[in-house]
Protein chains: 2
Amino acid sequence: MLDGQERTIVDRVMREIFSLLLSGEIPLGGQLNEVALAERFQVSRGPVREAVKQLQGRGLVLKEPYLKARVVSLSLPEVIEVFQLREAVEGMAVRLATTAMSDDELDEMLSSFDTTAASDSAIDLDLHVRIAEGCGNDRIRRLLCDELYYLLRLYRARSGNRPGRRGDAFAEHWQILRAMRARDAQLAESLMRAHIGRATRSLQDVLIAEQDNSSKG
Amino acid sequence: MLDGQERTIVDRVMREIFSLLLSGEIPLGGQLNEVALAERFQVSRGPVREAVKQLQGRGLVLKEPYLKARVVSLSLPEVIEVFQLREAVEGMAVRLATTAMSDDELDEMLSSFDTTAASDSAIDLDLHVRIAEGCGNDRIRRLLCDELYYLLRLYRARSGNRPGRRGDAFAEHWQILRAMRARDAQLAESLMRAHIGRATRSLQDVLIAEQDNSSKG
DNA sequence: AATCCAAAAAGTGTTGACACTTTGTGGATG
DNA sequence: CATCCACAAAGTGTCAACACTTTTTGGATT
């Protein structure tokens, strides 16, 4: 996600802020203090400000003049919005990947899929990442890998439960891979959309349950 | 797209750079000179740098250390990538809008659709914008209105031809609106995807023709 | 004339200082 | 005791100067 070479301080600071978010030291919705960050990283405020501005452009940080920058916080409705977007975009991604990826690539995915444990949550996103990387459309790849998956990782690192994670996801992944290997782009897209759509609906159920609870209590 | 109140110089500079892009004074792929921009806007380089960093975060500007920032330039393959993404996202947008928008809103769109001239290119994107705004998913709305449509406007302002613009787009728009009014989300999504898919294919035809030309000459 | 290298010029990266805004504090007032 | 206002403290916004990198220039060499 970040450039390998960090020739400039701004890049380094951005990576450091990223890792502060991943580690949870700065919580979602938390505030970013320029002087504190500058002291911590032993730099002046300029690079910190530019790094924050770049994060703001990415939508990871919200800011109003003269107020501290706030890390974006994903509410459950916002996570649902991300999932609705994923359903559309990942459907297209798998459609494109089904024709763009080589037999060897697909076989490799299938074999590594068989050997790895099914229940690992990192594995869950892994298939989606590899499809995004294999779809051949760089704009779609960036949207998924650099924005949406990143947000979901942050969200998962906080709320212990993994949004939309269900037991039969493993079997659904396998079906998607089979459809890709059979070069059935239409089927692969349908399966992927159903896969993410089910996760979306389980999130909506949670949301409704929460609303019922709050209205009762 | 931009905040109404510009309490800070950075915001003003960002808007000014935007208008330089829209007006074509800075061409796609052109370079941004910090000192020249600073002098032009009568500010120091700090705000200019922060504005550029924010644009970089948005993906509108590319930058490598110690080299001048370059405005992103859309090649035809990249425009096709945008259209493939649009096909997926706008399909979902119209699906959501079909259930989210009120009868009054849809009727208003239908009537304003009848009265306006069909061939205006601004009208073309207008329907898409209103669907994006009415879909109720703010993340999808921002992706379409703040990023993709903006890029396409820039591209159209340059290359005289409007990408994917065909004569029967008007009739297709009308069909989509009818499906929405009939609350047939599935049909509306199919029509929208077909609508954008046809535009994508006409772009791909242009690309193939260009490649043939260059290989011959 | 063409090539190469050093110095100057132009441009970007970073810093510390200063100006402005917001927030917190403490005392005077009712 | 509560309220309000002035003042200090903290934090953000902007600027001008300096350091570093890249590009250009101009001449020396072949």
Side-chain angles (χ1 to χ4, degrees), chain A residues 1-21 25-73, chain B residues 1-21 25-73:
Chain A
M1 177 165 188
L2 295 173
D3 322 53
Q5 312 245 29
E6 288 173 359
R7 296 181 54 198
T8 175
I9 294 186
V10 177
D11 290 339
R12 195 193 100 212
V13 169
M14 234 181 70
R15 180 179 51 76
E16 303 251 32
I17 294 179
F18 265 125
S19 60
L20 285 186
L21 296 182
E25 185 162 339
I26 299 178
L28 290 188
Q31 294 187 334
L32 297 178
N33 185 324
E34 291 179 6
V35 300
L37 291 172
E39 281 182 14
R40 171 169 189 146
F41 303 142
Q42 298 283 5
V43 299
S44 92
R45 275 178 51 225
V48 174
R49 284 181 62 84
E50 293 188 12
V52 170
K53 266 283 184 292
Q54 194 163 349
L55 293 175
Q56 183 182 354
R58 279 207 193 181
L60 263 58
V61 158
L62 303 175
K63 200 155 154 25
E64 278 176 299
Y66 296 106
L67 299 183
K68 285 195 256 248
R70 287 201 333 276
V71 180
V72 69
S73 74
Chain B
M1 178 165 186
L2 295 172
D3 323 52
Q5 313 244 35
E6 288 175 357
R7 296 180 54 197
T8 176
I9 294 185
V10 177
D11 290 339
R12 196 194 99 213
V13 169
M14 233 179 72
R15 179 179 51 75
E16 304 250 33
I17 295 180
F18 266 126
S19 60
L20 285 185
L21 296 181
E25 186 163 337
I26 299 178
L28 291 188
Q31 294 186 334
L32 297 178
N33 185 325
E34 291 178 8
V35 299
L37 292 172
E39 281 181 15
R40 170 167 189 147
F41 303 142
Q42 299 283 4
V43 298
S44 92
R45 276 177 51 224
V48 174
R49 283 181 62 84
E50 292 189 11
V52 170
K53 266 286 183 287
Q54 194 163 348
L55 293 175
Q56 182 182 355
R58 278 207 195 181
L60 262 58
V61 158
L62 303 175
K63 201 153 154 26
E64 279 175 297
Y66 297 106
L67 299 184
K68 285 197 255 252
R70 288 200 333 276
V71 180
V72 68
S73 75

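Given the structure is predicted, the values throughout are model-derived calculations rather than measurements. In what follows, chains are A, B, ... by sequence order, proteins preceding strands, each numbered from 1.
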Of the candidates D/dT14, D/dG11, C/dG11, the side chain of B/Val35 sits closest to C/dG11
Is there a donor on the side chain of A/Arg45 or the base of D/dG11 sitting less than 3.5 Å from an acceptor on the other?
-> no
Which whole-number value in Å describes the distance from [X] [atom1] to [N] [atom2]?
{"X": "A/Met14", "N": "C/dG13", "atom1": "CE", "atom2": "P", "result": "14 Å"}
{"X": "B/Lys68", "N": "C/dA10", "atom1": "NZ", "atom2": "C1'", "result": "7 Å"}
{"X": "B/Asp11", "N": "D/dT14", "atom1": "CG", "atom2": "C1'", "result": "14 Å"}

Contact nearer the 5' end of DNA chain C, comparing B/Leu32 with A/Pro47 | B/Leu32
Taking for each residue the nucleotide of DNA chain C with the nearest heavy atom, is it A/Val43 or B/Ala69 whose nucleotide lies nearer the 5' end?
-> B/Ala69
Rounded to 10°, tell me the angle between the two end axes of the helix from C/dA1-D/dT30 to C/dG30-D/dC1, each built from five pairs.
-> 0°
Taking C-beta and beyond as the side chain, do A/Glu50 and A/Met14 meet within less than 4.5 Å on heavy atoms?
-> no
Side chain to side chain, A/Val13 and A/Leu37, heavy atoms closer than 4.5 Å = no
salt_bridge(A/Glu34, A/Arg45) N-O dist < 4.0 Å | yes
Detail all sub-3.5 Å separations between protein N/O atoms and N/O atoms belonging to nucleotides 20-23 of chain D.
{"from": "D/dT21", "atom 1": "O3'", "to": "A/Arg7", "atom 2": "NH2", "distance (Å)": "3.3"}
{"from": "D/dT22", "atom 1": "OP1", "to": "A/Arg7", "atom 2": "NH2", "distance (Å)": "3.0"}

Counting only side-chain nitrogens and oxygens, does [X] get under 4.0 Å of the OP1 or OP2 atom of [N]?
{"X": "A/Thr8", "N": "C/dT12", "result": "no"}
{"X": "A/Lys63", "N": "D/dG13", "result": "yes"}
{"X": "A/Arg49", "N": "D/dG13", "result": "yes"}

B/Arg70 CZ: over 12 foreign heavy atoms closer than 6.0 Å | no
